[in-house]
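Below: the structure, in structure tokens.
Each chain gets a letter, A, B and so on, in the order the sequences are listed, and its residues count up from 1. These figures come from a predicted structure and were not determined experimentally. Excluded from the calculations below are hydrogen atoms, water molecules and symmetry mates; all remaining heavy atoms, backbone and side chain alike, are included.
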Protein chains: 2
Amino acid sequence: MDIQEGKQKFIESWGKMASDWGINRTMAQVHALLLVAPDALTADEVMDGLSISRGNANMNLRALIDWGLVHKKLKSGERKEYFYAEKDMWKVVRQIIIHRKKKELEPMLKVLDEVAGVEANCPQSESFCNVVKDIRKLSQKADKTLDTLIKADSSWFSTIFYQMVR
Amino acid sequence: MDIQEGKQKFIESWGKMASDWGINRTMAQVHALLLVAPDALTADEVMDGLSISRGNANMNLRALIDWGLVHKKLKSGERKEYFYAEKDMWKVVRQIIIHRKKKELEPMLKVLDEVAGVEANCPQSESFCNVVKDIRKLSQKADKTLDTLIKADSSWFSTIFYQMVR
DNA sequence: CACTGGTTTCAATTATTTTTGAAAACAAAA
DNA sequence: TTTTGTTTTCAAAAATAATTGAAACCAGTG
């Protein structure tokens with residue numbers, strides 16, 4: 001396998017994994033393409049690199065910027081925009097956590113809080129109440145742990161441990 | 001909000017969250033329905049409860065059993081099957097981790113290993129190699145941590161800590 | 001101002017995923 | 001064996017998500 005094949009395989013597999021996790025496959029492929037690119041790319045280079053339309057490229061590049069995984073760069077004298085990916089993998093993980101926590105964990109917690117209002121007039125044995133209570137406890141723990149992790153940055157493991165044991 | 005509304009809301013929101021994470025929405029709703037049900041349900045009760053077809057109910061019940069989140073139960077004298085969900089939330093989390101790790105993390109790691117073969121003839125500066133190297137390191141760490149977590153069960157936090165600091 | 005090189009938008013199309021429902025398969029009971 | 005109650009399968013239909021591409025837009029430049 002040469003470098004070119006390797007890149008290709010990496011891009012495909014990054015896309016596959018993303019779509020397993022409910023993230024648009026093309027968005028992940030654009031991300032992968034930028035990750036392995038030695039320099040920032042233009043929208044046209046992304047289009048060519050992945051054989052996708054201008055609209056598609058644009059949408060997914062914007063989404064990646066929204067996730068904080070890709071940034072724009074302007075080259076002096078040039079009119080077009082260049083895009084490059086954040087390559088520090090810890091930062092990447094961190095951004096993904098921030099984004100998905102906000103968009104998915106937090107709304108779920110909100111619903112659980114609402115639903116938990118019912119608990120008051122719940123007989124202790126009622127399975128619904130127990131399940132909600134358990135999931136809520138777990139989610140809150142996850143929420144706090146992720147908050148700590150987000151703030152913690154590189155020395156995360158010791159802070160996470162502190163979070164977990166209390 | 002009464003109990004019935006609460007259950008409804010919980011089922012909806014569990015389904016929504018699942019589909020955000022690339023899991024079939026109906027599968028998660030069946031799971032939620034069984035989680036909040038005081039007793040085991042028949043396929044027909046699931047169909048009615050969620051207004052879905054027999055085929056759909058059957059498929060998703062089987063998938064849940066495959067994930068280890070739901071079990072069958074036979075009542076003596078009765079011919080039909082009853083289904084009930086595992087309600088210990090730690091076990092639920094554990095099963096989900098086991099399943100997704102096997103189906104998603106492991107294949108990704110395999111690809112990374114293959115792709116990493118290229119590294120040999122990579123100049124140190126080559127961004128592709130660095131990215132692959134970093135992701136691989138991270139995934140392997142995640143893989144090991146999850147293994148430890150899966151084995152660790154309830155006293156997980158101290159074992160995970162041990163895993164993380166080394 | 002009008003032109004040029006670029007980006008963004010979004011209705012229509014295409015691809016993918018999920019669901020249906022009727023037929024087939026099964027297995028316990030008659 | 002046949003009947004009956006049940007589960008399973010899977011091709012076709014429906015629902016959902018992603019993609020295209022052309023028009024609208026935007027901002028420097030002449």
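Using modelled atom types, one finds no donor on one side chain facing an acceptor on the other under 3.5 Å when comparing B:N130 with B:D134.
Aromatic ring orientation, A:H31 versus A:W14: tilted (interplanar angle from 30° to 60°).
Annotation: salt bridge (Lys or Arg N to Asp or Glu O under 4.0 Å) contacts involving residues 34-47 of chain B, sequence neighbours excluded, comprise B:D44-B:R54. Legend: ring-ring contact (aromatic ring centres under 6.0 Å, His included) pairs involving residues 40-74 of chain B, not counting sequence neighbours, sorted by first then second residue: B:W67-B:H99, B:H71-B:Y84.
Proximity of a side-chain donor or acceptor of A:R25 to a complementary backbone N or O of A:S19 within less than 3.5 Å is not detected. Side-chain atoms of A:K87 come within 3.5 Å of backbone atoms of A:L35 as a donor-acceptor pair (strictly under, hydrogens ignored). Judged purely by atom type and a 3.5 angstrom limit, A:E12 has no side-chain atom pairing as donor or acceptor with the backbone of A:K9. Side-chain N or O atoms of B:E86 include one that pairs as donor or acceptor with a backbone N or O of B:D88 at under 3.5 Å.
The salt bridge (charged side-chain N to carboxylate O under 4.0 Å, His left out) search around B:K75 returns none, not counting sequence neighbours.
For DNA chain D, the residues of residues 53-84 of chain A within the heavy-atom distance limit of 4.0 Å (strictly under) are A:S53, A:G55, A:N56, A:R79, sorted by number.
Surrounding CZ of B:R100 are more than 12 heavy atoms belonging to other residues, nucleotides or ligands, all under 6.0 Å away.
When DNA chain D is scanned in the 5' to 3' direction for atoms under 4.0 Å from non-hydrogen atoms of chain A, the outermost contacting nucleotides are D:dA18 to D:dG28. The outermost nucleotides of DNA chain C lying under 4.0 Å from heavy atoms of chain B, listed 5' to 3', are C:dT18 to C:dA28.
The nearest heavy atom of DNA chain C to A:D44 and to A:S19 marks one nucleotide each, and the one closer to the 5' end goes with A:D44.
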